[in-house]
Amino acid sequence: MDIKQLQTFLTASDTLSFTQTAQLLDYAQSTITAQIKSLEEELGVVLFERLGKRITLTEEGKRLQQYAKKMLDLDMEMKKAMLNEQEQAVLKIGAQESQCVYRLPSILQQFQKSHPQVKIIFKPVHTTEIAKDLLQSGHLDVAFITDIYRETPMLHRERLLQEQLVFVTAPTDDNFGKGVFSSQQLINETLLLTESGCSYRNQLEIQLQQEGTLPYQMIEFASIEAIKQCVMAGLGISFLPKMVVEKELENHRLKELTTSMNLADIFTDIAWHKNKHISPYLSDFIEIAMKSYKKF
């Protein structure tokens, strides 16, 4: 028994004509007869009496008519509910603050033009491990991973670009001169850093530990914008992705420093779980993101 058979039965119970039912449903009359016969065989009852060219509902047919209407109404209700779920779709995205502020706004603008019904939720993702855990648990649909490269067998990843990291200070800071500075020169400096756990902060701290260098003071901020303002005010130096300080460098509000420290390259990938169901709107988001990052 399926919905099509019930729809055929209900139409025939209203018209009391297999010929008219076939016309209304755009079926061959033999198809209508076969569907009714199959339904009767499955239920083990006779649903219509054939009296010459006329048909009438049997008592069993009248009882089925009541249940068939309920089942078709429920089927319609289910389809409407599923359609509403699609209309209220949620896209959960993970990214570092630097990506959220400096890369994603234009991507989201393009995406929302095509999918205004999709609700977007951001979650902070500072490292590959955090992204992997959130993607595997289903708490994220897709993540922008900014980190040194790490193996993630359960994730599908697409490389977006290589991010350049730079040390910056106030334009009036002459402590480092115009040459190349080493990690030892950071001993007497105040280092302004992003929150603990941030991928590029982790990389810097590991390097400093290996070289036995401990800055005079390390101050942690939750906001990159706050870090930039404090560096411009002469509070200390910072280590940030170049994309977040490009305007300040161009306007000479910040000064880039050159270092001899051996810091690994950092990359931004877009990632999702290998077994993730890719809905049409998620597929569109990934495509828009990949095209946009090529322009960056």
Side-chain angles (χ1 to χ4, degrees), residues 2-4 74-163 165 194-203 206 241 243 264-296:
D2 59 32
I3 293 298
K4 287 184 179 180
L74 187 60
D75 177 66
M76 183 63 68
E77 183 181 336
M78 177 189 69
K79 289 176 179 176
K80 286 182 178 179
M82 297 307 296
L83 181 61
N84 287 336
E85 285 293 322
Q86 291 178 8
E87 291 176 350
Q88 298 170 4
V90 176
L91 179 60
K92 295 168 289 185
I93 304 169
Q96 283 189 352
E97 181 198 358
S98 57
Q99 301 299 325
C100 292
V101 176
Y102 300 96
R103 302 282 195 214
L104 296 186
S106 61
I107 294 172
L108 296 178
Q109 185 181 35
Q110 292 181 60
F111 177 74
Q112 286 195 318
K113 284 182 180 179
S114 302
H115 301 276
Q117 80 284 3
V118 178
K119 179 181 178 181
I120 297 174
I121 296 176
F122 277 108
K123 293 182 182 292
V125 172
H126 298 306
T127 65
T128 301
E129 286 301 313
I130 294 173
K132 183 181 72 173
D133 291 344
L134 291 174
L135 289 168
Q136 287 183 326
S137 65
H139 288 94
L140 286 180
D141 297 310
V142 64
F144 293 87
I145 300 175
T146 303
D147 203 344
I148 59 174
Y149 182 76
R150 303 176 193 276
E151 289 291 338
T152 51
M154 292 304 295
L155 300 185
H156 179 91
R157 298 174 65 162
E158 293 288 343
R159 177 60 42 84
L160 296 177
L161 50 77
Q162 181 174 337
E163 300 282 4
L165 294 163
T194 50
E195 289 182 292
S196 179
C198 174
S199 59
Y200 45 87
R201 172 178 169 171
N202 288 348
Q203 182 191 169
I206 291 171
M243 65 173 171
D265 290 336
I266 200 166
F267 302 92
T268 294
D269 293 349
I270 188 169
W272 57 93
H273 196 282
K274 285 186 175 180
N275 299 329
K276 174 72 177 174
H277 167 67
I278 306 299
S279 64
Y281 64 84
L282 176 54
S283 176
D284 284 353
F285 179 80
I286 293 170
E287 183 178 354
I288 290 170
M290 292 181 67
K291 287 182 179 178
S292 296
Y293 267 81
K294 287 181 180 179
K295 297 177 183 177
F296 297 142

Item to complete: Write down the atom of Arg150, the atom of Asp147, and the distance for their closest heavy-atom approach.
Response: NE-OD2, 3.2 Å
Worksheet entry | Least distance between heavy atoms, Pro105 atom then Cys100 atom | CD-O, 3.2 Å
Discussion item. Going by salt bridge (charged side-chain N to carboxylate O under 4.0 Å, His left out), name the pairs with one or both residues in residues 109-118, residues two or more places apart or in two chains.
Written reply: none
Item to complete: Answer whether the closest heavy-atom distance between the side chains of Gln203 and Leu165 falls below 4.5 Å.
Response: yes
Worksheet item: Nearest 0.5 Å, what's the CG-CH2 distance between Asp141 and Trp272?
Response: 12.0 Å
Discussion item. Using 0.5 Å steps for rounding, measure from the CD1 atom of Ile145 to the CG atom of Leu155.
Written reply: 5.5 Å
Item to complete: For side-chain contact (heavy atoms from CB on, under 4.5 Å), just list the numbers for Ile93 and Leu91, CA-CA rounded to whole Å, side-chain angles, deciding distance to a tenth of an Å, and then say yes or no.
Response: CA-CA 6 Å; Ile93 304 169; Leu91 179 60; 3.9 Å; yes
Worksheet item: Which residues satisfy the side-chain contact (heavy atoms from CB on, under 4.5 Å) test with His273, sequence neighbours excluded?
Response: Gln136, Met154, Asn275, Lys276
Worksheet item: Cut-off 3.5 Å, side chains only: do Ser199 and Thr146 have a donor facing an acceptor?
Response: no
Worksheet entry | Non-neighbouring partners of Asp133 that pass salt bridge (charged side-chain N to carboxylate O under 4.0 Å, His left out), sequence neighbours left out | none
Worksheet item: By salt bridge (charged side-chain N to carboxylate O under 4.0 Å, His left out), which residues pair with Glu97, not counting sequence neighbours?
Response: none
Discussion item. Please enumerate all residues that pass salt bridge (charged side-chain N to carboxylate O under 4.0 Å, His left out) together with Asp284, with sequence neighbours excluded.
Written reply: none
Worksheet item: For Leu134 and Ser137, which heavy atoms make the closest approach, and how far apart are they?
Response: O-OG, 3.2 Å
Fill in: CD on Glu163 to OH on Tyr200, rounded to 0.5 Å
9.5 Å
Practice prompt. Please list, chain by chain and in numerical order, all residues satisfying side chain to side chain donor-acceptor pair (under 3.5 Å) with Gln162, sequence neighbours excluded.
Written response: Asp265
Response to the item:
Closest non-hydrogen atoms of Gly138 and Lys92, given as atom of the first, atom of the second and distance, are O-NZ, 3.0 Å
Response to the item:
Residues passing the side-chain contact (heavy atoms from CB on, under 4.5 Å) test with Ser279, sequence neighbours excluded, are His277, Tyr281, Leu282
Between side-chain atoms of residues 120-127 and protein atoms elsewhere (two or more places apart, or another chain), which donor-acceptor pairs fall under 3.5 Å?
residue : atom : partner : partner atom : Å
Thr127  : OG1  : Ile130  : N            : 3.3

What side-chain donor-acceptor pairs closer than 3.5 Å can you find for residues 287-296, not counting sequence neighbours?
residue : atom : partner : partner atom : Å
Glu287  : OE2  : Lys291  : NZ           : 3.1
Ser292  : OG   : Gln110  : NE2          : 3.3
Ser292  : OG   : Ile288  : O            : 2.9
Tyr293  : OH   : Gln99   : OE1          : 2.4

Discussion item. side-chain contact (heavy atoms from CB on, under 4.5 Å) for Leu160 and Phe144? Distances and angles first, verdict last.
Written reply: CA-CA 9 Å; Leu160 296 177; Phe144 293 87; 3.7 Å; yes
Worksheet item: With Glu129, which residues qualify under side chain to side chain donor-acceptor pair (under 3.5 Å), at least two apart?
Response: Lys132
Worksheet entry | With Ser283 via side chain to side chain donor-acceptor pair (under 3.5 Å) - residues at least two apart | none
Worksheet item: What pairs with Arg157 under salt bridge (charged side-chain N to carboxylate O under 4.0 Å, His left out), at least two apart in sequence or on another chain?
Response: Asp269
